Amino acid sequence: MSTDTSFFAQVNRQFDLAAPHTGLPAGLLEQIKACNAVYHFAFPLRRDDGTIEVIHAWRAEHSQHKNPTKGGIRYSMMVNEDEVMALAALMTYKCAVVDVPFGGAKGGIKIDRSKYSAGELERITRRYTYELWQKNFIGPGIDVPAPDYGTGEQEMSWIVDTYRSLSPTIDAEACVTGKPIHMGGIRGRAEATGRGVYFGIREACDNPDDMRKLGLSVGLAGKRVVVQGLGKVGYWAARYLAEGGAVITGLAEYEGAIHNPDGLDLEAVVRHRKETGSILHFPGATNLPDSAAGLELECDILVPAALEQVITETNAARIRAKIIGEGANGPITPEGHAIIKDRGALIIPDTYLNAGGVTVSYFEWLKNLSHVRFGRMDRRFEEATTRRIADAIQRVSGGNLTDTQYGDLVRGADERALVDSGLEDTMITAYREIVDVRDRHGIDMRTAAFVSAITKVGRIYQGAGIFP
Ligand code: GLU
């Protein structure tokens with residue numbers, strides 16, 4: 001196998017493994033694979049001390065088979081053209097896998113955000129937005145950014161505010177997702193990716209055939225989990241997995257990893273890190289020298305939820321987990337994947353497993369375009385209907401329902417509950433679809449996710465006659 005370390009080349013090698021199973025013509029496959037547009041730009045930042053610094057930034061739009069294109073913006077020193085193209089491509093496949101009607105995009109600014117003041121970060125973000133706007137690389141129907149590594153609600157607020165001042169249209173709020181609630185955000189977006197990771201892993205553990213092959217019991221309860229990365233994805237994934245009955249036995253961050261076979265109290269570790277600046281030396285846990293060592297811990301489920309390319313041909317043979325759930329984008333290289341697959345482990349691929357973020361972004365975008373909160377029109381109506389049913393049950397059962405039971409029964413779904421239900425349904429449906437493709441073609445989950453995505457994108461191109 002090629003040892004090209006280009007991230008985009010690696011994504012395309014995964015694409016090439018899947019392509020023959022789709023039956024699509026070679027030329028069309030080339031079009032689906034190509035990154036349609038990449039914009040690299042530089043702009044000056046006046047720093048707080050008066051000096052001027054040149055900032056390099058990118059936005060890649062991989063596929064316009066559906067509009068808008070969609071994908072996060074990351075702030076990291078690792079950002080470059082190859083990385084944004086690879087991540088934009090992954091967004092195309094990810095959206096297709098979970099039937100979210102967007103093309104893929106990704107953006108990035110090459111900065112170490114810890115070296116800038118809040119004022120400087122605001123100036124960088126607003127200027128980045130302006131540059132995208134000027135070149136038609138942002139807009140509710142064009143390209144809709146979101147948070148990614150190193151960005152969050154604050155940056156999304158600056159983006160929507162800048163965009164709205166440039167294009168004060170009725171739908172301007174839908175130009176970006178991952179916003180705070182008061183700026184048009186949606187309840188449940190911040191935890192969505194981690195929540196989706198949980199739903200996906202739970203679904204995998206509920207598959208009796210797969211668990212038998214792995215020598216594991218059915219269900220999440222009692223499974224030992226190691227998570228790399230305690231950020232937006234890893235923290236929530238760990239939390240929901242623990243709430244679902246799994247035991248967090250290892251955690252890894254930049255500074256190292258910790259292990260306790262009896263289980264780690266996630267909230268206590270987070271508190272410890274806040275107080276000491278590190279997860280290391282957590283009471284009752286063993287320290288491991290670095291984050292990579294955490295990946296090699298003995299466990300049932302490993303969730304790499306930090307950065308890409310952390311499992312390669314050099315360490316794959318030492319990964320002992322039976323299930324690997326890719327919380328991050330592209331954490332396993334194709335060479336690493338082959339080694340782990342040969343050992344018989346189950347890899348739940350990123351193109352499916354971390355799609356919860358963009359799924360709830362889709363709900364946020366819909367909310368912005370419809371200008372109404374989910375549940376606003378029907379919640380009380382639903383409550384009134386169930387109240388009539390509950391009252392009838394009370395009468396028949398002689399008033400046996402407790403106040404709590406009665407309250408639970410009549411509660412109408414609010415925005416958070418509806419988002420959660422939409423996310424759960426999306427993750428379950430897509431998992432079953434991938435398993436079906438996998439079993440029909442006799443391929444692994446990653447290839448199956450690609451086959452499913454490429455087939456869906458291809459159908460749209462073919463329906464459109466490819467060149468209108
Ligand atoms: N950055 C997230 C991802 O990689 C979310 C993208 C989005 O919501 O548009 O999936």
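Whatever order the structure lists ligands and atoms in, that order sets their numbers, starting from 1. Scope of the values below: all heavy atoms of this structure, side chains included, with no hydrogens, waters or symmetry mates. This one's a predicted model, so the numbers in the text were calculated from it and none came from an experiment. For reference, positions follow the sequence shown, starting with 1.
A salt bridge does not link D414 with R187: none of the charged nitrogens is closer than 4.0 Å to a carboxylate oxygen. Under a 4.0 Å N-O distance rule, the pair R432/D436 does not qualify as a salt bridge.
If you number the atoms of ligand 1 from 1 as listed, the ones under 4.0 Å from a heavy atom of G72 come out as 1 (N), 6 (C). For ligand 1, the atoms sitting less than 4.0 Å from at least one non-hydrogen atom of N329 are 4 (O), numbered in the order shown with element in parentheses. For ligand 1, the atoms closer than 4.0 angstrom to any heavy atom of M91 are 3 (C), 4 (O), 6 (C), 10 (O).
The aromatic rings of H56 and H40 sit tilted relative to each other, their planes meeting at an angle between 30° and 60°. Using the six-membered ring where Trp is involved, W365 and F102 have ring planes that are perpendicular, over 60° apart on the 30 and 60° scheme.
The cationic group of R59 does not satisfy the cation-pi geometry with Y39, failing either the under 6.0 Å distance to the six-membered ring centre or the 45° limit from the ring axis.
Checked against the 6.0 Å centroid threshold, Y240 and F199 do not count as a close aromatic pair.
Under the 4.0 angstrom criterion for non-hydrogen atoms, P147 is in contact with ligand 1.
Here the protein heavy atom with the shortest distance to atom 8 (O) of ligand 1 is S361 OG, 2.6 Å. For atom 9 (O) of ligand 1, the nearest non-hydrogen atom of the protein is K70 NZ, 2.8 Å. If you check which protein heavy atom lies closest to atom 4 (O) of ligand 1, you get K106 NZ, 2.9 Å. Closest to atom 5 (C) of ligand 1, if we only count protein heavy atoms, is R189 NH2, 3.5 Å. The protein atom (non-hydrogen) at minimum distance from atom 7 (C) of ligand 1 is A146 CB, 3.3 Å. The closest protein non-hydrogen atom to atom 10 (O) of ligand 1 is K94 NZ, 2.7 Å.
Counted within 6.0 Å of CZ on R440, heavy atoms from surrounding residues, nucleotides or ligands total more than 12; the atom is thus considered enclosed.
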